[in-house]
Amino acid sequence: MKFFYQIGANIFEVELEKMTDGYRAKLKGAVHEVEIIRAADDELNLLIDGQPHMVYLATNGATRLIAYDGKTYALTATPRFASRHHAPQAHSDENAIRAPMPGQVRTVQAEKDETVKSGQTLLILEAMKMEIKIQAPRNGKITQLKVKVGDLVEREQILAEIE
Amino acid sequence: MFNKILIANRGEIAVRLIRGCHELGISTIAIYSDADRAALPVRMADEAIHIGASTPRESYLNIERVIDAAKKSGAQAIHPGYGFLSENADFAQAVQDAGLVFIGPSPDSIRAMGDKAEARRRAQTNHVSVVPGYQDGNSNDDLTIAAERIGYPVMVKAAAGGGGKGMRIVATRSGLADALAAARREAQNAFGDARLILEKYIPNARHIEFQILADQHANTIHLFERECSMQRRHQKIIEETPSPLLDAAMRDKMGRAAVDVARAVGYENAGTVEFIVDPESREYFFLEMNTRLQVEHPITEATTGLDLVQWQIRIASGEKLPIANYQQRGHAIECRVYAEDPANQFLPATGKLLKVIEPRGPGIRVDSGVTSGEEITVHYDPLIAKVITYAETRDAAIRKMQNALREYIVLGVTTNLEFLQAVLAHAEFQVGTATTAFVENEFGAWQSEVRDPPMPVLIAAALGEVQRRGTRNDIASTMNDPYSPWRAGQTR
């Protein structure tokens, strides 16, 4: 069985072959013998090449969240033939003004069709008592205002569009 | 002693307060907003009352609704925790007017210390040094002249303020006019009061605060200090006691000064007197007094053995402090775990807590307000838990913390756990000389290492897929445990 994970712009391939006493894993150009000592509630105690490792897993859609050795990782499980040129994190839409964090829209200080200056505050987003100003990235006309006061937004959600 | 107390708060402090009450045999009422319907404190309390929408103004900050809930529930007292209404003199007054006991100081004390100008005056009248500054006239002319006298850089502060709002650091004379205008605007918006004070800005200072406890029988004591210089954008991230800077003589002098300040306003119950200390000259200056229990109170509990929440309740019910001199022993450190993304400029992070495993062991305490499955939303404070370690020495407490944080698993919401590890590992923190400028200076551009996932992570992810595909037989047949329910053919 082959699995593909993307983190940032890199894709990693993991191949698992079931053996009598565990698995053989092939990845990063090496082969490893894997034994599962205990698997419960997404807590895996593994013996990899005779060394013990403790790994914690959680799944959120296509994201695999993993804690190991005091650090956490977010991997995106990708289908077998995911294009190497596809970087899901990058947004090529220059007209979109996105939320840098999740939050609630506190004020909206611009209107659709308004011409704004670079740095002008378009709206204020609040989250956990922190307020941040969403500013126009350049001079231009606001072609779309996608939120109103009180709306809850996710990180990266498009708040407005500018020409 | 009270039979029933209403907990006017949420999150980790609500859990703390509920536990304190239950240990005293007092039943508890939790209040909750829409977002907190299934939160941990609500599940723990004996009763829970819904008080409004998620936005604080309609729930936790709504004086009328909180008092209504207390009256309806038959509570005799209200504990405000920290934040929200805890330092709101009008709330304390309203609680008393409703015939209930406010677990904290009097409305007058709150008012006196809540006004920075008044607090400075009271300290000065009682011969406690204050940060060189000015709190008399409020006209721009008065302030400009005073700034010259104090000497730049100066800090402009809202007299009625807190939380970093209405605050500006002014490096030179030319920046003062704009700073005054901006600070007034912010202060008016945030506090409805545009009055300002000035203080000399001491950039490389230590923030050292003293815990005060005072009963209703005129006994006022201090329970030693807490070093709180590890701050990021005026937000504390790591606290410890004892302070690596203080010697016995200085501790004694500052402790007395803290008690003097508390006595100056007839203070009752728990409070904290904050000082700014110049590590070069070892001069200390009164900064302000917080008229409530602090977030970092657990480190004082660890080194003195007292339960501060229970003492707050006892004092409010009329009990007397039994002895005047408590001792301090060992070393305690607290790290605040925040729902924020250090890789995204430390901006708030939200999401569902898919997996939370808290560290445990001797000398490890976790005060947490959340469990697996709960949502972290945008409405409240980013603090999700505090980890406190207690050991014989500072070095041992640091090592214990480093191990504890390593064992702390949070999946689903980004936290500052890795950032805390980086700070703890830094030589300046380890030596104990860090000032309030340290975190910003050393970690201003900090990024967690971008790294390839290690081999065990990738293998585990793949094994996870195998599990998820329901190929339980595969897992079972690879396991060595003959009693495992995973084993194919196992009969129960």
Side-chain angles (χ1 to χ4, degrees), chain A residues 1-3 5 7-8 10 12-16 18-23 25 27-28 30 32 34-44 46 48 53 55-60 64-75 77 100-104 126-130 132 152 154-155, chain B residues 55 163 338-341 344-345 347-352 354-355 357 376-383 402 405-412 414-415 417-418 421 448-469 474-475 477-481 484 486:
Chain A
M1 296 162 279
K2 276 195 187 173
F3 304 96
Y5 297 103
I7 190 163
N10 299 318
F12 299 89
E13 178 184 319
V14 185
E15 186 177 347
L16 286 184
K18 190 153 108 51
M19 315 292 285
T20 13
D21 279 332
Y23 290 85
L27 65 157
K28 296 190 190 184
H32 304 278
V34 182
E35 237 179 282
I36 301 175
I37 308 291
R38 181 174 171 274
D41 295 330
D42 286 334
E43 291 175 30
L44 286 178
L46 307 174
I48 302 177
H53 300 268
V55 193
Y56 302 86
L57 296 119
T59 305
N60 187 5
R64 307 288 176 260
L65 298 162
I66 299 181
Y68 170 70
D69 196 30
K71 298 183 170 58
T72 57
Y73 302 83
L75 282 63
M101 69 177 190
Q104 190 165 37
E126 188 191 312
M128 300 182 187
K129 298 203 263 176
M130 176 184 266
I132 58 170
L152 287 172
E154 306 273 317
R155 183 173 161 186
Chain B
T55 184
Y338 285 116
E340 62 187 15
D341 191 350
N344 185 29
Q345 304 163 74
L347 290 175
T350 55
K352 185 165 179 172
L354 298 170
K355 192 172 215 54
I357 301 177
I376 302 296
T377 67
V378 296
H379 299 288
Y380 310 115
D381 209 76
L383 179 69
Q402 289 173 310
L405 294 186
R406 204 183 179 72
E407 289 180 20
Y408 205 148
I409 308 290
V410 181
L411 293 177
T414 312
T415 68
L417 280 167
E418 225 183 293
Q421 289 283 30
S448 64
E449 289 162 51
V450 174
R451 49 185 178 254
D452 282 353
M455 171 268 291
V457 168
L458 290 164
I459 290 178
L463 288 172
E465 314 296 350
V466 169
Q467 264 187 301
R468 231 181 321 283
R469 287 177 187 186
D474 286 345
I475 297 282
S477 67
T478 65
M479 292 189 61
N480 295 322
D481 176 3
S484 167
W486 292 95

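A note on names: the letters A, B, ... follow the listed sequences, proteins ahead of strands, and every chain is numbered from 1.
Residues meeting the side-chain contact (heavy atoms from CB on, under 4.5 Å) test with A:Glu43, sequence neighbours left out: A:Arg38, A:Met54, A:Tyr56, B:Lys355, B:Ile357. With sequence neighbours excluded, the residues satisfying salt bridge (charged side-chain N to carboxylate O under 4.0 Å, His left out) with A:Asp69 are B:Arg406.
You'll find the side chain of A:Leu16 stays beyond 4.5 Å of the side chain of B:Glu465, heavy atoms only. Side-chain contact between B:Asp341 and B:Leu347 is absent, with no heavy-atom pair separated by less than 4.5 Å.
Using a 4.5 Å cut-off between heavy atoms, B:Leu405 does not touch chain A at all. Using a 4.5 Å cut-off between heavy atoms, A:Ile66 contacts chain B through both its backbone and its side chain. Contacts between B:Ile409 and chain A at a heavy-atom distance below 4.5 Å involve the side chain alone, from C-beta outward. If you measure heavy-atom distances from A:Leu57 to chain B, the contacts under 4.5 Å come from both the backbone and the side chain. Of the atoms belonging to B:Thr377, it is backbone heavy atoms, and not side-chain ones, that fall under 4.5 Å from chain A. For A:Ala67, the parts lying near chain B are the backbone and the side chain together; criterion is any non-hydrogen pair under 4.5 Å. In this structure, the portion of B:Ala349 lying under 4.5 Å from any heavy atom of chain A is its backbone and not its side chain.
For chain B, the option among A:Val55, A:Val34, A:Thr59 with the highest count of heavy-atom pairs below 4.5 Å is A:Thr59. The residue among A:Gly103, A:Ala25, A:Ala30 with the most heavy atom pairs within less than 4.5 Å of chain B is A:Gly103. Of the listed residues (A:Arg155, A:Gln104, A:Met130, A:Lys129), the greatest number of heavy-atom pairs within a distance under 4.5 Å of chain B belongs to A:Arg155. Of the listed residues (A:Leu152, A:Leu27, A:Asn60), the one with the most heavy-atom contacts under 4.5 Å to chain B is A:Leu27.
No more than 12 heavy-atom neighbours from other residues, nucleotides or ligands sit within 6.0 angstrom of CD on A:Glu154. Around NZ of B:Lys352, the count of heavy atoms belonging to other residues, nucleotides or ligands within 6.0 Å does not exceed 12.
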